[in-house]
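Scroll down for the structure; my scribbles are underneath it.
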Amino acid sequence: MPEKNSVLSEEILHLKKERNAIILSHNYQREEVQDIADFVGDSLELSRTAAELDCDVIVFCGVHFMAESASILSPNKTVLLPELDAGCPMADMIQVRGVRNVWKTFPGYEIQPVFVFPHEFTLRDIKAQYPGAPVVAYVNTTADVKAESDICCTSANVVKIIESIPEERVICIPDRNLSMWAQKNTKKQIISWDGFCHVHDRVTKDDVIEARKKYPNALLMAHPECRIEVLELADHVTSTSGMLRFASASDAKEFIVGTETGLMHRLRKENPEKTFYPLRKDMICPNMKKTTLKSVLTALREMKHIIKVSEEIRIPAKRALDRMLSIKS
Ligand code: 13P
Ligand code: SF4
């Protein structure tokens, strides 16, 4: 570790103790931030951990919706997001309220869900059009969107969550790729929002063909935020922590990693005898990389930025998160 980082890390550890704080990090964070964290995981693991922690302060090294979820689940703890503008563009693609009420369908494609375009339409529009269809909100949504939803899901449990619902038609928001993946794995009808993650959605079938040619012995793991054309060519489709489990359990020695490159750190650290190649080198989420050791230290020193959700939103949002957490993964 560079000397500057080790000084920062020492200060962080000292302040963390003083504040009775726990540091949570998503698998996409910078290496040095992951290394200082008490717990590193995928969205589902981080939500479960946040709900169970015994501490006064949670420093959330991730993006805004993750800190918001921690605050919803642990309202008596102070939740800090070191970089206030670390947001998720996909989460911002859906809003609760709005004016227009038009959408487009793509009939004739077997597993194509119904799409609703982001920004021009709202969650309330789609709920009005499909009365009685429960809303499954990916955790990558804002608190007020969760508050209008019936149940949350993550990339690790989306199919299980959909299958747990008695209704035959469900509205899935906001990721069209995750919806498409779910549609391929369930007989229920999925009504989907047309949002996407710019980091995963940029990967094409040609990228897969090229990577396969370059690394013929490697297994391809892909995140369900990738396009269906990519997922259909993968050896395993799963969340970030699902990839960690798959890589360590597999006899294969080489893997192509179809998700944000921050995951490579844990993959390499936990499997030193195996080799990992990024599916595309530019699968980097700028928002996930905003948090640095310096900003973690400042967060603890100045107790900022506190993420708090009003009770009016928190209670219904917590209901949707709790419902998800009650389903065994
Ligand atoms: P998971 O770690 O749950 O797979 O989430 C991916 C993601 O994009 C979080 O922003
Ligand atoms: Fe959002 Fe994609 Fe970044 Fe995750 S990787 S925070 S989904 S933009």
Side-chain angles (χ1 to χ4, degrees), residues 24-30 33-34 37 39-50 60-70 81-94 118 136-142 145-146 152-161 172-179 181-182 193-203 221-227 230-231 234 236-247 257-267 278-291 321 324-325 327 329:
L24 299 183
S25 162
H26 188 266
N27 286 324
Y28 295 159
Q29 289 287 295
R30 290 167 182 270
V33 172
Q34 293 189 34
F39 188 84
V40 188
D42 68 7
S43 306
L44 183 60
E45 292 169 334
L46 292 174
S47 299
R48 285 200 193 285
T49 308
F60 213 116
C61 304
V63 289
H64 194 274
F65 74 82
M66 296 181 172
E68 229 179 28
S69 295
L81 182 67
E83 293 290 339
L84 194 54
D85 63 349
C88 170
M90 174 161 69
D92 294 334
M93 285 177 180
I94 184 162
V136 178
Y138 194 24
V139 284
N140 299 39
T141 45
T142 57
V145 166
K146 287 186 178 78
C152 288
C153 76
T154 73
S155 59
N157 62 14
V158 58
V159 177
K160 205 166 225 178
I161 295 291
C172 284
I173 56 166
D175 185 6
R176 63 185 180 205
N177 293 331
L178 187 73
S179 298
W181 176 245
W193 203 256
D194 198 22
F196 60 91
C197 162
H198 67 104
V199 180
H200 292 85
D201 192 66
R202 72 181 58 150
V203 183
M221 307 186 287
H223 194 279
E225 286 175 14
C226 292
R227 297 180 194 180
V230 170
L231 302 180
H236 195 53
V237 177
T238 184
S239 73
T240 52
S241 290
M243 290 185 193
L244 287 158
R245 287 188 291 275
F246 179 76
V257 184
T259 195
E260 213 273 354
T261 57
L263 185 68
M264 306 290 270
H265 180 52
R266 274 189 76 189
L267 282 166
L279 177 51
R280 269 177 69 131
K281 285 196 179 122
D282 63 352
M283 291 184 78
I284 297 170
C285 175
N287 284 288
M288 282 285 184
K289 299 297 186 259
K290 281 181 180 159
T291 309
L321 278 166
M324 169 185 84
L325 294 173
I327 290 166
S329 50

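Atoms within a ligand are numbered from 1 in the order they appear, just like the ligands themselves.
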Quick check: does S239 get an N/O under 3.5 Å from an N/O on ligand 1?
no
One residue to check: M288. Relative to ligand 1, which of side chain, backbone, both or neither has a non-hydrogen atom less than 4.0 Å away?
side chain
If you measure every N/O of T240 against every N/O of ligand 1, is any gap under 3.5 Å?
yes
Residues that A67 engages under side chain to side chain contact (heavy atoms under 4.5 Å, CB included), provided they are two or more places apart:
F60, V79, L81, I307
Please give me the minimum heavy-atom distance between N140 and E225, naming the atom from each residue.
ND2-OE2, 3.9 Å
Sequence neighbours left out, what passes side chain to side chain contact (heavy atoms under 4.5 Å, CB included) with A37? Give chain and number order.
I23, S25, V40
Closest to atom 8 (O) of ligand 1 among protein heavy atoms sits E225 OE2, 3.1 Å
Of all protein heavy atoms, the one nearest atom 4 (O) of ligand 1 is H223 NE2, 2.6 Å
N/O of H26 under 3.5 Å from N/O of ligand 1, yes or no?
yes
Looking only at side-chain N and O atoms, does S43 offer a donor or acceptor that is under 3.5 Å from a partner on Y138?
no
Minimum heavy-atom separation for D85 and N287, please, with both atom names.
O-OD1, 3.3 Å
Note: K290 and A86 closest approach over all heavy atoms is CD-CA, 4.0 Å
For T261 and K281: C-alpha separation, side-chain torsions, deciding distance, then whether side-chain contact (heavy atoms from CB on, under 4.5 Å) applies.
CA-CA 7 Å; T261 57; K281 285 196 179 122; 6.0 Å; no
Contacts of T142 that satisfy side chain to side chain contact (heavy atoms under 4.5 Å, CB included) - sequence neighbours left out:
E68, D92, D144, V145
Least distance between heavy atoms, E260 atom then V199 atom
CG-CG1, 4.1 Å
For ligand 1, the portion of D42 having any non-hydrogen atom under 4.0 Å away:
both
Does the residue M66 have a heavy-atom contact with ligand 1, meaning some pair of atoms that are separated by less than 4.0 Å?
yes
Could E45 and R245 be called an ion pair, given the rule that one side-chain N must be under 4.0 Å from one carboxylate O?
yes
Min heavy-atom dist S155 to ligand 1 below 4.0 Å
yes
Provide the number and element of each atom of ligand 2 under 4.0 Å from a heavy atom of N140.
7 (S)
Of the protein's non-hydrogen atoms, which lies at the shortest distance from atom 10 (O) of ligand 1, and what is that distance?
N140 ND2, 3.4 Å
How many N, O or S atoms of the protein are nearer than 2.8 Å to atom 3 (Fe) of ligand 2?
1
Minimum-distance protein heavy atom relative to atom 5 (O) of ligand 1:
S43 OG, 3.3 Å
Taking atom types as modelled, is there a side-chain donor on S155 or D42 under 3.5 Å from an acceptor on the other?
no
Determine the minimum heavy-atom distance between T291 and G62, stating which atoms define it.
OG1-O, 4.2 Å
